[in-house]
Asker: 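Provided herewith is a single structure, encoded as structure tokens, for subsequent inquiry.
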Protein chains: 2
Amino acid sequence: MLKEETKAIPRDCGECPIRHRAVCARCEADELAQLDRVKYYRNFEAGQTVIWAGDRMDFVGSVVSGIATLTRAMEDGRTQMVGLLLPSDFVGRPGRERAVYDVVATSDVVMCCFRRKPFEELMSNTPNIAHRLLEMTLDELDAAREWMLVLGRKTAREKIASLLTIIARRDASLAYGKASGNLAFDLPLTREAMADYLGLTLETVSRQISALRKDGVIVLQGKRHVTVPDFNRLMEEAGDDCDGGLLA
Amino acid sequence: MLKEETKAIPRDCGECPIRHRAVCARCEADELAQLDRVKYYRNFEAGQTVIWAGDRMDFVGSVVSGIATLTRAMEDGRTQMVGLLLPSDFVGRPGRERAVYDVVATSDVVMCCFRRKPFEELMSNTPNIAHRLLEMTLDELDAAREWMLVLGRKTAREKIASLLTIIARRDASLAYGKASGNLAFDLPLTREAMADYLGLTLETVSRQISALRKDGVIVLQGKRHVTVPDFNRLMEEAGDDCDGGLLA
DNA sequence: CTGGATAATTGATCTGGGTCAAAGTTCGGA
DNA sequence: TCCGAACTTTGACCCAGATCAATTATCCAG
């Protein structure tokens with residue numbers, strides 16, 4: 001109740017936790033000031049829909065904290081997640097007025113939004129924003145293509161291992177500083193959301209997680225907390241060329 | 001033999017068939033001139049590999065004519081196509097020195113290549129190139145996400161129908177002018193390549209094509225030429241919300 | 001502490017698409 | 001014209017993962 005209002009929101013870009021990873025990463029002080037003029041924050045609670053596919057979208061923005069999902073659904077209900085939005089990820093497309101995907105907050109989410117029209121103008125004037133957005137989009141395209149391999153060619157077990165790999169990598173890159181003897185993290189998704197990401201059913205997800213646990217590839221504390229005793233083993237299970245280690 | 005040399009290659013951007021769709025689409029005369037200084041053409045024969053994943057890549061470029069594929073392979077040989085490169089599509093990534101995907105010419109291909117380093121510099125000076133590349137990358141990201149739904153959630157029959165839909169759309173958008181009473185086109189891919197695109201085996205591809213033929217959804221002349229008597233029917237089979245017609 | 005909603009596990013069974021195998025087609029080159 | 005390689009089709013069988021169904025946590029709200 002009124003949780004939204006009590007949440008501390010950064011007002012100043014200087015304090016912003018995603019300052020150096022988001023679209024604004026390369027902006028100079030003056031550019032930030034311009035962005036600041038068209039920016040506003042929005043909070044969403046876990047489970048809340050940020051945008052429905054087909055809806056008009058008057059803003060673009062960045063996830064500041066929390067996790068959201070990008071999904072596409074068929075008329076008969078089959079659903080495929082097409083993107084996982086983590087802090088600093090960009091939402092929306094300049095030049096497009098309607099959303100094509102459902103965006104749903106998986107946890108409580110804070111978004112830094114920019115009014116679309118002014119943002120588009122800004123983009124044509126400040127190459128730093130456009131350039132950073134290109135870079136981020138190219139990264140997302142790589143991720144999407146990587147995911148196509150997972151969806152098209154991997155077994156259920158490999159799919160789960162691949163997902164765990166990705167989540168572990170992300171956690172390692174964000175929360176390092178912590179001693180990471182053997183890494184551990186919380187699953188930010190329900191079994192059903194994982195199934196939608198992986199093109200599986202939630203039953204299969206559950207079974208494969210159990211199997212990986214029985215085989216000692218992962219250790220579970222509760223249903224959400226995962227410990228990985230041997231990351232290379234996990235990568236082998238994912239079917240990746242695993243000569244990269246955590247930081248590939 | 002020596003086919004390469006006999007092929008007419010456009011030297012002048014003004015004559016170029018992809019002038020208004022490729023990265024250079026928005027360039028002014030002076031920008032074209034700059035591009036021209038770092039550009040060269042390369043020909044590839046059907047079946048030839050343009051780049052191997054992992055190889056050093058000193059150029060980026062556009063497909064001028066022909067069709068190429070972007071694929072990613074696992075160590076054990078499982079292969080997933082992650083992109084289909086048609087005329088005007090961009091190859092390579094500015095700022096990246098090694099290829100991550102195999103690029104293979106499916107038909108004879110002409111590419112317009114730019115030396116990578118100078119192209120990167122050009123990009124930071126000419127917003128028209130960077131902006132166009134962003135636009136193209138965003139389109140490709142959408143296509144990749146669309147494809148994730150196909151790979152993750154569609155049945156074999158729907159996958160085939162989806163692929164036919166895409167090829168038909170492309171042909172309609174390129175080759176219109178022709179009376180398109182009922183549309184017809186050639187499949188630019190072998191059954192195996194289709195399988196790699198769709199996350200299926202070539203046997204399943206063959207069976208599903210036969211099934212669609214038996215059910216009158218498509219008509220085959222030979223093994224490669226397809227006629228679609230009723231495009232809406234085909235879109236229904238693809239499981240798409242099909243209230244868009246050919247030009248959705 | 002209790003009822004009931006949501007999330008997760010596990011079991012039994014079924015099936016779409018994979019696998020293995022054998023022909024049939026097509027086409028360029030000798 | 002005929003051969004051989006590459007491509008395609010079709011059949012028989014099998015299995016990974018879907019489907020259907022029943023429990024079992026978990027965790028608020030009352």
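Sequence lines set the chain letters: A, B, ... in the order given, protein chains first and strands last, and positions in each chain run from 1. Keep in mind that this is a model prediction, so the values were computed, not measured. These values consider heavy atoms only, across backbone and side chains, with no hydrogens, waters or symmetry-generated copies.
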Asker: For A:D186, which residues count as a salt bridge (Lys or Arg N to Asp or Glu O under 4.0 Å) partner, sequence neighbours excluded?
Answerer: none

Asker: Which comes earlier along DNA chain D counting from the 5' end, the contact point of A:Q208 or that of A:G222, where each point is its nearest nucleotide?
Answerer: A:Q208

Asker: Could you work out, with salt bridge (Lys or Arg N to Asp or Glu O under 4.0 Å) as the rule, every residue matching A:R233, not counting sequence neighbours?
Answerer: A:E237

Asker: Could you measure the distance from the CD1 atom of B:I167 to the CD1 atom of B:I67? Nearest 0.5 Å is fine.
Answerer: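 The CD1 atom of B:I167 sits 7.5 Å away from the CD1 atom of B:I67.
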
Asker: Which part of the nucleic acid, if any, lies within contact of B:G47, taking any heavy atom under 4.0 Å across all strands shown: a base, the sugar-phosphate backbone alone, or nothing?
Answerer: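 No contact.
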
Asker: Using five base pairs at each end to define the local axes, how bent is the helix from C:dC1-D:dG30 to C:dA30-D:dT1, to the nearest 10°?
Answerer: 30°

Asker: Between the protein and nucleotides 6-10 of chain C, which nitrogen or oxygen pairs come in under 3.5 angstrom?
Answerer:
unit_1: C:dA8; atom_1: OP1; unit_2: A:R224; atom_2: NE; d: 3.0
unit_1: C:dA8; atom_1: OP2; unit_2: A:R191; atom_2: N; d: 2.9
unit_1: C:dT9; atom_1: OP1; unit_2: A:R191; atom_2: NH2; d: 3.1
unit_1: C:dT9; atom_1: OP2; unit_2: A:R191; atom_2: NE; d: 2.6
unit_1: C:dT9; atom_1: OP2; unit_2: A:R191; atom_2: NH2; d: 3.4
unit_1: C:dT9; atom_1: OP2; unit_2: A:S206; atom_2: OG; d: 2.8
unit_1: C:dT9; atom_1: O5'; unit_2: A:S206; atom_2: OG; d: 3.2
unit_1: C:dT10; atom_1: OP2; unit_2: A:S210; atom_2: OG; d: 2.9

Asker: Output all residues satisfying side-chain hydrogen bond (donor to acceptor under 3.5 Å, both in side chains) with B:T204, sequence neighbours left out; order by chain, then residue number.
Answerer: B:T201

Asker: List the atom pairs, donor and acceptor, that lie under 3.5 Å between side-chain atoms in residues 146-156 of chain A and the rest of the protein, sequence neighbours left out.
Answerer:
unit_1: A:E146; atom_1: OE1; unit_2: B:R72; atom_2: NE; d: 3.1
unit_1: A:E146; atom_1: OE1; unit_2: B:R72; atom_2: NH2; d: 3.0
unit_1: A:E146; atom_1: OE2; unit_2: B:R72; atom_2: NH2; d: 3.2
unit_1: A:W147; atom_1: NE1; unit_2: A:Y197; atom_2: O; d: 3.0
unit_1: A:R153; atom_1: NE; unit_2: B:T79; atom_2: O; d: 2.7
unit_1: A:R153; atom_1: NH1; unit_2: B:L200; atom_2: O; d: 3.1
unit_1: A:R153; atom_1: NH2; unit_2: B:A195; atom_2: O; d: 3.0
unit_1: A:R153; atom_1: NH2; unit_2: B:D196; atom_2: OD1; d: 3.1
unit_1: A:R153; atom_1: NH2; unit_2: B:L200; atom_2: O; d: 3.0
unit_1: A:K154; atom_1: NZ; unit_2: A:S162; atom_2: OG; d: 3.1
unit_1: A:K154; atom_1: NZ; unit_2: A:A238; atom_2: O; d: 2.8
unit_1: A:K154; atom_1: NZ; unit_2: A:D240; atom_2: OD1; d: 2.9
unit_1: A:T155; atom_1: OG1; unit_2: A:E158; atom_2: N; d: 3.2
unit_1: A:T155; atom_1: OG1; unit_2: A:E158; atom_2: OE1; d: 3.3

Asker: What residues, two or more places apart in sequence or in another chain, satisfy salt bridge (Lys or Arg N to Asp or Glu O under 4.0 Å) together with A:D102?
Answerer: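 Checked A:D102 against salt bridge (Lys or Arg N to Asp or Glu O under 4.0 Å); zero matches.
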
Asker: Could you list by number each residue of residues 144-162 of chain A showing a heavy-atom separation from DNA chain D of less than 4.0 Å, or answer none if no residue does?
Answerer: A:T155, A:A156

Asker: Per the side-chain hydrogen bond (donor to acceptor under 3.5 Å, both in side chains) rule, what does the pair list look like for residues 209-223 of chain B, sequence neighbours excluded?
Answerer: B:R157-B:D215, B:Q221-B:T227

Asker: Could you tell me how far apart A:R78 (CZ) and C:dG16 (C1') are, to the nearest whole angstrom?
Answerer: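 A:R78 atom CZ is separated from C:dG16 atom C1' by 13 Å.
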
Asker: Give the rounded distance in Å between these two atoms: NE2 of B:H225 and P of D:dC7.
Answerer: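 Rounded to the whole Å, the gap is 21 Å.
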
Asker: Enumerate donor-acceptor pairs with a distance under 3.5 Å from any side-chain N or O in residues 55-63 of chain A to protein atoms, sequence neighbours excluded.
Answerer:
unit_1: A:R56; atom_1: NE; unit_2: A:D58; atom_2: OD1; d: 3.0
unit_1: A:R56; atom_1: NH1; unit_2: A:E97; atom_2: OE1; d: 3.2
unit_1: A:R56; atom_1: NH1; unit_2: A:E97; atom_2: OE2; d: 3.4

Asker: Tell me every residue that passes salt bridge (Lys or Arg N to Asp or Glu O under 4.0 Å) with A:D230, counting only those two or more places apart in sequence or in another chain.
Answerer: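 Listed in chain order: nothing, the list is empty.
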
Asker: Suppose we screen for side chain to side chain contact (heavy atoms under 4.5 Å, CB included). Which residues come up paired with A:R93, at least two apart in sequence or across chains?
Answerer: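 Side chain to side chain contact (heavy atoms under 4.5 Å, CB included) list for A:R93, sorted by chain: A:R96, B:E135, B:L138, B:D139, B:D142.
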
